[in-house]
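First up is the structure itself, then whatever we jot down about it.
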Amino acid sequence: MIRLFNTLSGQIEPLSPADGSTFRMYACGPTVYDYGHIGNFRTFCHVDVLRRTLLLEGLNVRHVMNITDVDDKIIRNAAQAGLPISQYTQKYERAFFEDLDALTVARPEIIARATEHIPFMVSLIQRLAAQDIAYQTEDGSWYFRISRFPAYGKLSKKDLTGITDGARVDVDEYEKDSARDFALWKAPKPGEHFWQTELGPGRPGWHIECSAMAMEYLGESIDLHAGGEDLMFPHHENEIAQSECATHKPFARHWFHVRFLLVEGRKMSKSEGNFFTLRDLLLKGYKASAIRMLLISVPYRQQLNFTFEGLAAETAAVERLRAFHQRILAAPRAAETNFELLAETEECRIAFRTGLENDLNTAEARAAIFELVRAGNAATDSGTLSQENAAAILDALREFDSVFAVLEDRDAAITKFALDWAEHEGRLDQAAPEVLAQRGLTDDQIQSLVDERTQAKRARNFARADQIRNDLAAKGILLEDSKDGVRWRRK
RNA sequence: GGCGCGGUACCCAAGUGGUAAGGGAGAGGUCUGCAAAACCUUUAUGCGCCGGUUCGAUUCCGGCCCGCGCCUCCA
């Protein structure tokens, strides 16, 4: 049974599906107006860890994620690019999913685009209008009357009684009854794309899309709602207000918020020069697996300080896990089972599960697996690993990887993908020199150099052999001699 | 100002009222033409500071110092 911190109650609570069979969760997705940055992906990776842990616990999961494909920034950027909104967002939506794939974030069962669900939003607003909770202003926009929802602020623990109306009101919004009232439906400004609906022409406010789509796919009361910590207020607070006023039922039983990360000790921002998209990091030569590992290794409620040193550390950690996995697959089997190791393996497996069940303590879970690495390696060294031992260890690793998802090595292919993208976008100059250098080398070319070196070694021409190795190293290709021949890999 | 989070070894980081997980880096070793990789061993009498409670506190309580987040449609 997973126990998880619930923002709403401020407590760690057991997590289970209300209907006893399927866990219904909704996670706020991206606004597709630009490439995703590592802060975005920390949230998506942790939601992925939650989802995978639920599945590991044997639950059925129905997970919905929205794509916000219409909003102010999109309208602005699309206009600047001279493109229709849909064409503009399509590019970034595709990039978003490519990035999720790179980070082995599993797809939710349902992906819902805001622009494809306008009628659901309209009818939800109409339900509110029927109660006079939604009201229309002179320009045709619709707003939510916060004074009608006394529980407003219960999620973010805000006391709004001290907020005086009129203190900070946009010129555009002077018609609102209260400064805190938020937009449900925005009337179009001249030239803006709009939908013609029973509410009048316009487009949805941001908050309404999540309420409408969550209810459409998951019902009026859902098990869990997730997002970054910044969404707690006002976005999620507004979702609660809209939904609960419309249905008179609790909207989400459990609220899950992922904390922001810092980059090199500071809040990530373009002006600080520490703002990174996933693609920026791939072009610098960092591996997708290491990025995922770093993003999820610090528990979701903890501020993560994302550093290049940390990235290097996680690169090494992932490599060690992969090497261990390969070693156990290939290691000679002893005739006798090592019962001490068998017990240790089970302890580690349980510790891994216990860590995750304890408020998704990924640090604790991860530590348990490295404990297994040490024990498994020691047994392999001493030749006491039996078939039964190996099978148990591989089972534990499978369980680990069903959540962490870093054992399969797709890094080189992902980096290549990023380079191809950079070339297409005219951004190859942003790639690190070493990454570019190895791009010029095909696998065949590398292999023939490796073969030449092997010949040189056989002829005891070590000077030539070392020269080839050093040349390749300068291009980011590492050679490793072993009993079974030479292995090479792209750094 | 309001609400909230954190300060644990060189770096990252878990954790418990009874004596500090794990990763990385460093050091030593095994292996190797030399490397690299891999593996093994090793590294905090100490957990921001000061008081208190307790047989005993890093863990509980109080105060202080420092860092950070949200309070404007930024994950």
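Remember, predicted model here, so these are calculated numbers, not experimental data.
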(message) Given rG69(B), rA35(B), rA38(B), identify the nucleotide with an atom nearest to the side chain of Ala323(A).
(response) rA38(B)
(message) Could you check whether Glu13(A) and Asn6(A), counting side-chain N and O atoms only, form a donor-acceptor pair closer than 3.5 Å?
(response) yes
(message) What is the distance, to the nearest angstrom, from the CE atom on Met232(A) to the P atom on rC5(B)?
(response) 11 Å
Please list, pair by pair, any protein nitrogen or oxygen found under 3.5 Å from a nitrogen or oxygen in nucleotides 30-32 of chain B.
none

(message) Using 0.5 Å steps for rounding, measure from the CD1 atom of Ile208(A) to the CG atom of Leu128(A).
(response) 6.0 Å
(request) On the 0 to 90° scale, with breaks at 30° and 60°, tag the Tyr92(A)-Tyr35(A) ring pair as parallel, tilted or perpendicular. (result) perpendicular
(message) Using a 5.5 Å cut-off between ring centres and planes within 30 degrees, is Phe41(A) stacked on the base of rA75(B)?
(response) no
(request) Kindly indicate whether the side chain of Arg259(A) and the base of rC70(B) share any N or O donor-acceptor pair separated by less than 3.5 Å? (result) no
(message) Counting only heavy atoms not in Lys475(A) (residues, nucleotides, ligands), do more than 12 fall under 6.0 Å from its NZ?
(response) no
(request) Rounded to whole angstrom, note down the C1' distance from rA57(B) over to rU41(B). (result) 32 Å
(request) Classify the nucleic acid contact of His257(A) as base, sugar-phosphate or nothing, counting any heavy atom under 4.0 Å across all strands shown. (result) nothing
(request) Kindly indicate whether the side chain of Arg327(A) and the base of rA38(B) share any N or O donor-acceptor pair separated by less than 3.5 Å? (result) no
(request) Rounded to the nearest angstrom, tell me the gap between atom CZ in Arg453(A) and atom P in rA35(B). (result) 13 Å
(request) Take the protein atom CD of Glu357(A) and the nucleotide atom P of rA14(B), then report the distance between them rounded to whole Å. (result) 19 Å
(message) Please give the distance between the P atoms of rC3(B) and rC64(B) as a whole number of Å.
(response) 15 Å
(message) As a test of reading the structure: which of rG33(B), rA75(B), rC39(B) is closest to the side chain of Asn377(A), going by heavy atoms?
(response) rC39(B)
(message) Rounding to an integer number of angstrom, what distance separates rA21(B) and rA75(B) when you compare their P atoms?
(response) 40 Å
(request) Specify the separation, in whole Å, of atom CD of Glu229(A) and atom P of rC70(B). (result) 6 Å
(request) Determine the interatomic distance between C1' on rC12(B) and the same-named atom on rC50(B); round to the nearest Å. (result) 29 Å
(message) Without decimals, in angstroms, what is the distance between Arg301(A) CZ and rG15(B) C1'?
(response) 14 Å
(message) If the threshold is 4.0 Å, N to carboxylate O, is there a salt bridge linking Arg292(A) and Asp48(A)?
(response) yes
(request) Just call it for Leu478(A): base, sugar-phosphate, or nothing, with non-hydrogen atoms closer than 4.0 Å on any strand. (result) nothing
(message) Under 3.5 Å, is there a donor on one side chain and an acceptor on the other for Gln447(A) and Trp488(A)?
(response) yes
(message) For a quick check of understanding: with a heavy-atom distance under 4.0 Å over all strands, which category does Glu314(A) fall into, base, sugar-phosphate or nothing?
(response) nothing
(request) Return yes if a side-chain donor-acceptor contact under 3.5 Å exists between Asn66(A) and Glu209(A), otherwise no. (result) yes
(request) Sticking with atom C1', work out how far rC65(B) lies from rG51(B), rounded to a whole angstrom. (result) 15 Å
(request) Rounded off to whole Å, could you give me the OH-to-C1' distance for the Tyr300(A) and rA75(B) pair? (result) 15 Å
(request) Using atom CG of Asn305(A) as one end and atom C1' of rC5(B) as the other, report the distance to the nearest whole Å. (result) 15 Å
(request) Identify whether any heavy atom of Arg374(A) sits under 4.0 Å from a base atom; if not, whether one sits that close to sugar-phosphate; answer base, sugar-phosphate or nothing. (result) sugar-phosphate
(message) For rG33(B), is there a stacking contact with Phe462(A), counting only centres under 5.5 Å and planes under 30°?
(response) yes
(request) Determine the interplanar angle of the His207(A) and Phe182(A) rings, folded into 0 to 90°, and report it as parallel if under 30°, tilted if 30 to 60°, perpendicular if over 60°. (result) perpendicular
(message) With a 4.0 Å cut-off on N to O distance, would you call Glu480(A) and Arg489(A) a salt bridge?
(response) yes
(request) Write down the distance separating the C1' atoms in rA20(B) and rC47(B), rounded off to the nearest Å. (result) 8 Å
(message) From C-beta outward on Glu480(A), which listed nucleotide comes closest to its side chain: rA75(B), rA36(B), rC34(B)?
(response) rA36(B)
(message) Just to be sure I understand the rule, does Pro234(A) reach a base, reach only the sugar-phosphate, or reach nothing, if contact means heavy atoms closer than 4.0 Å?
(response) sugar-phosphate
